[in-house]
2 protein chains.
Amino acid sequence: MARKPLTRPRKTASQDRSRATVDALIEATARILVREGFDQASTNRIAREAGVSIGSLYQYYPSKEALVAAVIDRHNRDLMAIVRRALADAEAQPLETGARRLIAAAIEAHRLDPKLHRVLAEQTPRTGALVNVEAFNSETYGLFRGYLEGRRAEVRAVDLDLAAFVCVTTIEALTHTAVLHRGEGLAEAGVEALVEEATRLVVGYLR
Amino acid sequence: MARKPLTRPRKTASQDRSRATVDALIEATARILVREGFDQASTNRIAREAGVSIGSLYQYYPSKEALVAAVIDRHNRDLMAIVRRALADAEAQPLETGARRLIAAAIEAHRLDPKLHRVLAEQTPRTGALVNVEAFNSETYGLFRGYLEGRRAEVRAVDLDLAAFVCVTTIEALTHTAVLHRGEGLAEAGVEALVEEATRLVVGYLR
DNA sequence: AGAAAATGGGAGCTATCGCTCACATTTTAC
DNA sequence: GTAAAATGTGAGCGATAGCTCCCATTTTCT
């Protein structure tokens, strides 16, 4: 029996070397995505940007898509942290206040790294290894559904799955489109107006 | 002074030949996008599929992106026809009925050619010639804003631009996500439930 | 009919892409 | 100290992409 030839990302090791290499690769990938777009993000270009040889790149990532997927994962983790924090706050608040808090968090999330978010949303084809990296939303549905369960008394009797779908999809679309299309310099007044409108929309729907 | 070398899509000519060639190219592009995805849609592949030489392809389209843009334009025209028809109907109906009509039309639009729609939405990078092919939505905003103007008496006093943004973005996101993610075989019962929920959402918001 | 314009054809150029492999260097284990 | 394992290097291979150019065929015009 032959040995396994060479599998995916090697685990830990002399931490300082290989971990730094991996970090440099992910960071370089994100930088190129933001500055030059998805098309320019070839493996050779990424390796050069990271100051790492192309051979080393392939030690840790089997393809360009794996690299981009790693960037997406990291970005999603950051977004989810914001969402989770807002949900924790909202649990202790009345429905309308909580909704406002969640919507503000959605905007905050979209403003975390809007340029990266835009590239990932507009230029990154959901293909190959990237097909299922929409896991972000499905997790959000679940969390929000849990929130609604704790609020049963305040919402009309509805299919909670359906309601979660409607609310999450709506909030995501409104904040996403506003932040990306209304310019990243969306003024504070604009943000407030958007939060108010979105709050009215979902609260009116849930009650 | 030299002559202009050779510009973009030639206009009319011996209609039967060149017009057929152009049609074959667009049709072939759409077919490949649907069947094999954006990545496989190389100019050579498209020309082969269309039964046209690569030289002829470049007589009419300067790049692969121009071809895809043509497919998008055609698709958007089809979608807009559905939207316009629904809006015309809605003008003569009370707010809630009209909203229901518009939402049903949005679903209908997404079901026109869901596979193509999905490829364009998920795999087609908005880059180069494709950056501004989001013209579809901006036109819809305008049309819907016009609809709201005629309904001033029935909606609370609001910024109509903002309201149009909220409604169009919301309806688009809900129908898009539902059709694409809840499987293309979204049962009739599911469609009805979705229309009801979305109608409640936007009507509650507008009143 | 004959010339010119329009259209179609496709071999093949250049560039770049993803990726491998043979080897060098560094770290770890004993 | 020394052998083995881990990590890093980069020239370069094969494939394919977009696209040009030159020539053949068809249509139009007079």
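On a predicted model such as this, the values are computed, not experimentally measured, just so you know. A note on names: the letters A, B, ... follow the listed sequences, proteins ahead of strands, and every chain is numbered from 1.
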Notebook entry, point to check: When you check the phosphate oxygens OP1 and OP2 of C:dC19, does a side-chain N or O of A:Tyr61 lie under 4.0 Å from one of them?
Noted result: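 For A:Tyr61, the contact criterion (side-chain N or O under 4.0 Å from OP1 or OP2 of C:dC19) is not met.
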**OP:** Compare side-chain N and O positions of B:Ser53 against OP1 and OP2 of C:dG10 and report whether any pair is under 4.0 Å apart.
**Re:**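 No, no such contact exists.
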task: Can you sort out the partners of A:Gln93 under side chain to side chain donor-acceptor pair (under 3.5 Å), two or more places apart, ordered by chain and number?
output: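 A:Gln93: no side chain to side chain donor-acceptor pair (under 3.5 Å) contacts found.
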List for me each residue that meets side chain to side chain donor-acceptor pair (under 3.5 Å) alongside B:Ser53, sequence neighbours excluded, and say none if there are none.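 Side chain to side chain donor-acceptor pair (under 3.5 Å) list for B:Ser53, sorted by chain: B:Ser56.
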Residue [X], side-chain atoms from C-beta onward, closest of [options]:
| X | options | answer |
| --- | --- | --- |
| A:Ser63 | D:dT27, D:dG8, C:dC19 | C:dC19 |
| B:Arg17 | D:dG18, D:dT26, C:dG9 | D:dT26 |
| B:Ser56 | D:dC19, D:dT26, C:dG9 | C:dG9 |

Kindly list each side-chain donor-acceptor pair under 3.5 angstrom involving residues 67-75 of chain B, sequence neighbours excluded, with atom names and distances?
| residue | atom | partner | partner atom | Å |
| --- | --- | --- | --- | --- |
| B:Arg74 | NH1 | B:Glu27 | OE1 | 2.8 |
| B:His75 | NE2 | B:His117 | ND1 | 3.1 |

Output the residues of residues 33-49 of chain A in contact with DNA chain D, where contact means a heavy atom of the residue under 4.0 Å from an atom of the strand; sort by number or write none.
->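 Correct list: empty, so none.
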* Could you list the residues that satisfy salt bridge (charged side-chain N to carboxylate O under 4.0 Å, His left out) with B:Glu192, not counting sequence neighbours? =>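 Partners of B:Glu192 by the salt bridge (charged side-chain N to carboxylate O under 4.0 Å, His left out) criterion come out as none, since no residue qualifies.
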What does the list of N/O pairs under 3.5 Å between the protein and nucleotides 20-22 of chain C look like, with a distance for each?
none

**Request:** Can you run down the salt bridge (Lys or Arg N to Asp or Glu O under 4.0 Å) pairs that involve residues 34-56 of chain B, sequence neighbours left out, and say none if there aren't any?
**Result:**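 Residue pairs passing salt bridge (Lys or Arg N to Asp or Glu O under 4.0 Å), neighbours aside: B:Arg31-B:Glu49, B:Arg35-B:Glu49, B:Glu36-B:Arg45, B:Arg45-B:Glu49.
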Do any pairs count as a salt bridge (Lys or Arg N to Asp or Glu O under 4.0 Å) and have a residue in residues 159-175 of chain B, sequence neighbours left out, and if so which ones?
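Qualifying pairs, neighbours excluded: B:Arg145-B:Asp161.
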Can you pull every protein N or O that's under 3.5 Å from an N or O on nucleotides 3-5 of chain D?
none

Exercise. What pairs with A:Tyr147 under ring pair (Phe, Tyr, Trp, His ring centres under 6.0 Å), at least two apart in sequence or on another chain?
Worked result: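 Expected list: A:Phe144.
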Is there any side chain to side chain donor-acceptor pair (under 3.5 Å) pair reaching into residues 77-90 of chain B, and which pairs are they, with sequence neighbours excluded?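 Matches after skipping sequence neighbours: B:Arg84-B:Glu139, B:Asp89-B:Arg101.
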Practice prompt. Identify, with sequence neighbours excluded, every residue that meets side-chain contact (heavy atoms from CB on, under 4.5 Å) alongside A:Ala163.
Written response: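 By the side-chain contact (heavy atoms from CB on, under 4.5 Å) rule, A:Ala163 matches A:Leu148, A:Val158, A:Tyr205, A:Leu206.
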